[in-house]
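First the structure, in the form of C-alpha cells, and then the observations on it.
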Amino acid sequence: PALFMENARKGSIVSRANSIGSTSASSVPNTDDEDSDYHQEPYEELYKDRRRRAHTQAEQKRRDAIKKGYDDLQAIVPTCEQQDFSIGSQKLSKAIVLQKTIDYIQFLHKEKKKQEEEVSTLRKDVMALKIMKVNYEQIVKAHQDNVNEGKDQVSDEVKFNVFQGIMDSLFQSFNASISVTSFQELSACVFSWIEEHCKPQTLRDIVIGVLHQLKSQL
C-alpha cells in the first residue's frame, strides 16, 4: 500500500506538470509568425520610401536642368538682356525667354543668308578679277613677244588728222542742217540731224573716206 500511494502521488505530480506545461505552451504566442510579419512590414515601407526619394530626386534634377537651360539662354541670347531697370535683376519669364530666343535664331538665319549672298557676290568679283588678270598677262606677254610692234604704231599726228577729217565732215552736215538763230530751233534740229547723219553706216562711210584721203600718211 505504501508503494501504491507513492506511485499514485508521483503520477498525480507528473499529470499536473504536463497539464501546466500544455497550458503554458498554449498561452505563449507564436513568436515566429509575428516576427515574420514584423520584419516584412518595415521592409515594404522602406522600399516605398526609397522609391519616393528616388522619384523626388529625379524630378528635382529635371527641374534643375530646365532651370539651368533657361538661365543659359537668358545669358547667351543678347535680346534676353534685361532692359527695364525699374524691376532690377528680375529674370524674364520662360515664355519671354523662349520667344526672344526664337526671334534671335530667326535673325541669325537672315544674317547668315545675307552673308552667304555677299560671299557669293565677292566670289564672282574675285573670279572676274582673275579673268581680267589672265587677259592682262596675255596682252603683256603678246606685247613683249612682238618687239617690232612699236615700229608700226600710228603717230599722234596721223591720229589727229583722222579725227579732224571725221569732225570736219560731220561739221559740214551739221552746219548745213542746223539753225542756230535760237536755242529752241537748235534743240529741235539737233535730234533730227543726229538721227540722219550719225547712223552707224553713215559714220562708217565718213571714216572710210577720211582714211582714203590720208592713205599716204598711213
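Hydrogens, waters and symmetry mates are skipped; everything else that's a heavy atom, side chains included, is used. In what follows, residues are counted from 1 in the order of the sequence shown.
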Under 3.5 Å, which donor-acceptor pairs do the side chains of residues 54-61 form with other protein atoms, sequence neighbours left out?
residue : atom : partner : partner atom : Å
Thr56   : OG1  : Arg52   : O            : 2.8
Glu59   : OE1  : Arg62   : NE           : 3.4
Glu59   : OE2  : Arg62   : NH2          : 2.6
Glu59   : OE2  : Arg63   : NE           : 3.3
Gln60   : NE2  : Asp64   : OD1          : 3.0

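The CG atom of Leu211 lies 9.5 Å from the CD atom of Gln213; values are rounded to the nearest 0.5 Å. If you take OG on Ser169 and CG on Leu203, they are separated by 9.0 Å, rounding to the nearest 0.5 Å. A distance of 11.5 Å separates OG1 in Thr79 from CD1 in Ile96, rounded to the nearest 0.5 Å. Between Glu111 atom CD and Tyr104 atom OH the span is 9.5 Å, to the nearest 0.5 Å. A distance of 7.0 Å separates CG in Leu98 from CG in Leu73, rounded to the nearest 0.5 Å. Atom CG of residue Asp168 and atom CG of residue Asn175 lie 11.5 Å apart, to the nearest 0.5 angstrom.
When only modelled atom types and interatomic distance are considered, Gln99 and Asp103 share a side-chain donor-acceptor pair under 3.5 Å.
Look at Lys133 and Glu137 and you find a salt bridge, because one of the NZ, NE, NH1 or NH2 atoms lies within 4.0 Å of a carboxylate O, short of that distance.
A pairwise comparison of heavy atoms in Ile166 and Val207 identifies CD1-CG2, 3.6 Å as the closest pair. What you find for Lys94 and Ile66 is that their closest heavy atoms are NZ-CG2, 4.3 Å. The two residues Val97 and Gln74 make their nearest non-hydrogen contact at CG2-OE1, 4.1 Å.
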Handout entry: CA sep, side-chain torsions, deciding dist, call: Val162, Lys159, side-chain contact (heavy atoms from CB on, under 4.5 Å)
Key = CA-CA 5 Å; Val162 172; Lys159 293 178 182 178; 5.8 Å; no
Exercise for the section: Determine, step by step, whether Asp205 and Gln201 satisfy the side-chain hydrogen bond (donor to acceptor under 3.5 Å, both in side chains) criterion, reporting the C-alpha distance in whole Å, the side-chain angles of both residues, the deciding distance to 0.1 Å, and the verdict. Expected result: CA-CA 6 Å; Asp205 293 338; Gln201 184 62 36; 3.2 Å; yes
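Val77 and Ile102 end up in different hydrophobic clusters when Ile, Leu, Val, Met, Phe, Trp and Tyr side chains are linked at under 4.5 Å.
Under the side chain to side chain donor-acceptor pair (under 3.5 Å) criterion, the residue pairs touching residues 115-129 are Lys112-Glu116, with sequence neighbours excluded.
Listed by chain and number, the hydrophobic cluster partners of Met127 are Ile131, where partners are ILVMFWY side chains within reach of under 4.5 Å, directly or through others.
Residue Arg50 places its CZ atom among 12 or fewer non-hydrogen atoms of other residues, nucleotides or ligands, all under 6.0 Å distant.
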